[in-house]
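Below is one structure, written out as structure tokens; the observations come after it.
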Amino acid sequence: MKNVMILGVPVHRVTMREALAHIATLMAEPGMHQLATVNPEFVMRAQQDGNFRDVLQSAEMCLADGIGLVWASRWYGQPLPERVPGSELVYHLAEQCARCGWRLFLLGAAPGVAAAAGQILQAKYPGLEIAGTFSGSPHPHENDAIVQRINDSQADILYVAYGAPQQDKWIAHNRQALAAVRLALGVGGALDFITGKAVRAPRRVQQLGLEWLHRLLREPWRWRRMLALPRFAWAAWRESRQLHKHSSSA
Ligand code: UDP
């Protein structure tokens with residue numbers, strides 16, 4: 001799969017449809033595969049957190065969850081075809097699970113949210129098998145019990161809603177231990193969106209690339225984390241200029 005390397009993070013240049021097709025390919029292969037839904041906050045975090053950067057570099061798929069990545073990819077001359085939001089992928093993939101008979105486990109979010117999200121998805125996609133749901137936590141002392149619970153459920157696909165970077169590190173840490181799971185993805189606040197606990201921006205706002213602003217207005221405590229956005233834009237622009245300079249002088 002083609003990717004654009006943005007500040008050391010590989011972002012796959014695929015549409016939602018291509019991502020789903022690639023997931024089907026991965027599901028047919030042995031072993032557990034990791035998918036991350038990346039936004040500029042992830043990329044900036046990965047600049048300081050080497051472990052998180054390794055996790056993203058080792059993941060089989062890193063999808064462009066944030067519009068900032070789509071904009072930046074154009075500066076690098078390797079445009080991403082579209083945004084592939086995790087909050088939409090969770091629906092498409094649940095639909096694919098129902099069609100293909102893949103069993104889905106929902107882990108994380110506040111108590112009760114994963115179970116409610118599972119019921120909503122089942123009502124939307126008849127035939128969808130929810131292997132299990134559990135709020136849990138990323139704390140190490142819970143780790144083994146949670147892995148055991150997921151393995152006992154014989155889930156094929158795992159959504160982990162612990163927020164970044166904990167969810168992505170949790171998946172990477174448990175890659176070997178999750179015996180039957182074939183695909184695990186960090187889904188951030190997606191279970192909250194499914195249940196209506198959190199509300200996505202209106203479609204028009206999403207199309208304008210302003211979903212981040214809607215989120216900031218609804219959840220102002222995010223302002224500090226969102227300072228990563230201008231820092232990301234500056235760092236990515238600078239890196240892309242340097243790459244252009246090198247390639248034109250080579
Ligand atoms: N969460 C959790 N356990 C934790 C920390 C977070 O279950 O220890 C959940 C939280 O309830 C929410 C999700 O993780 O459902 C993170 O959502 P957020 O919107 O913050 O995700 P991000 O912005 O990191 O994608």
Side-chain angles (χ1 to χ4, degrees), residues 9 11 34-49 51-53 55-56 59 61-69 83-91 93-94 104-121 132-147 149-150 158-174 184-201 205-206 209-229 231-232:
V9 176
V11 185
Q34 178 164 10
L35 187 158
T37 53
V38 177
N39 64 31
E41 287 172 37
F42 281 51
V43 176
M44 294 320 285
R45 175 88 193 206
Q47 304 309 297
Q48 271 117 44
D49 183 340
N51 174 239
F52 187 41
R53 190 175 54 240
V55 167
L56 296 176
M61 292 180 88
C62 286
L63 299 177
D65 182 77
I67 192 70
L69 297 175
R83 200 181 148 213
V84 186
S87 47
E88 287 169 28
L89 179 69
V90 290
Y91 286 104
L93 193 49
L104 180 61
F105 195 108
L106 309 180
L107 175 67
V113 171
Q119 281 170 6
I120 292 167
L121 291 175
T133 62
F134 189 54
S135 157
S137 98
H139 294 299
H141 69 266
E142 277 202 56
N143 197 90
D144 293 354
I146 293 177
V147 166
R149 186 187 277 258
I150 295 166
L158 171 66
Y159 291 177
V160 184
Y162 285 155
Q166 293 88 338
Q167 59 194 16
D168 308 283
K169 289 181 176 180
W170 191 92
I171 293 169
H173 177 75
N174 290 300
L185 53 151
V187 297
L191 303 186
D192 296 332
F193 290 129
I194 292 173
T195 58
K197 192 166 179 278
V199 182
R200 284 193 74 191
V205 176
Q206 289 177 33
L210 294 174
E211 193 163 16
W212 57 273
L213 181 59
H214 175 267
R215 209 149 187 218
L216 180 61
L217 293 174
R218 289 190 74 97
E219 298 166 293
W221 53 267
R222 287 184 182 272
W223 73 268
R224 195 181 288 277
R225 276 175 57 176
M226 285 198 175
L227 288 179
L229 293 176
R231 285 177 34 237
F232 166 80

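Just follow the structure's listing: the first ligand is 1, and inside any ligand the first atom is 1. Numbering of residues begins at 1 and proceeds along the displayed sequence. A quick note: this is a predicted structure, and the numbers were derived from the prediction, not measured.
- Listed by number with element, the atoms of ligand 1 under 4.0 Å from a non-hydrogen atom of R215 are 18 (P), 19 (O), 23 (O).
- Checked against a 3.5 angstrom limit, the closest N/O atoms of G108 and ligand 1 fall outside it.
- Considering backbone and side-chain N/O of A161, one or more are found under 3.5 Å from N/O of ligand 1.
- Nearest approach of S135 to A110, heavy atoms of both residues: OG-C, 3.9 Å.
- In terms of protein heavy-atom proximity, atom 3 (N) of ligand 1 is closest to Y162 CD2, 3.8 Å.
- Using a cutoff of 4.0 Å between basic side-chain nitrogens and carboxylate oxygens, E88 and R200 are scored as salt-bridged.
- Looking only at heavy atoms of the protein, atom 22 (P) of ligand 1 is closest to R225 NH2, 3.7 Å.
- The shortest N or O to N or O distance between D192 and ligand 1 is below 3.5 Å.
- A donor-acceptor pair under 3.5 Å is formed between the side chain of Q47 and the backbone N or O of V43.
- Put simply, part of R222 is less than 4.0 Å from ligand 1, judged by heavy atoms.
- Of the protein's non-hydrogen atoms, the one nearest atom 7 (O) of ligand 1 is A109 N, 2.8 Å.
- Formation of a donor-acceptor pair under 3.5 Å by the Q34 side chain with backbone atoms of D168 is found in this model.
- Atoms of ligand 1 lying under 4.0 Å from at least one heavy atom of A110, given by number and element, are 11 (O).
- A salt bridge links D49 with K169: the distance from a Lys NZ or Arg NE/NH1/NH2 to an Asp or Glu carboxylate oxygen falls below 4.0 Å.
- The shortest N or O to N or O distance between P138 and ligand 1 is not below 3.5 Å.
- Each of the atoms 13 (C), 14 (O), 16 (C), 21 (O), 24 (O) of ligand 1 lies under 4.0 Å from some heavy atom of G163.
- Ring pair F42/F52: centre-to-centre distance below 6.0 Å.
- Proximity of a side-chain donor or acceptor of Y159 to a complementary backbone N or O of V90 within less than 3.5 Å is detected.
- The residue among G86, G189, A117 with a heavy atom at the shortest distance from atom 21 (O) of ligand 1 is G189.
- Scanning all protein heavy atoms for the shortest distance to atom 13 (C) of ligand 1 gives G188 O, 3.4 Å.
- No side-chain donor-acceptor contact under 3.5 Å links Q206 to the backbone of E211.
- H173 pairs in a side-chain contact (heavy atoms from CB on, under 4.5 Å) with only one of the listed residues (V55, N143, N51), which is N143.
- From the protein, the heavy atom lying nearest to atom 24 (O) of ligand 1 is A164 N, 3.1 Å.
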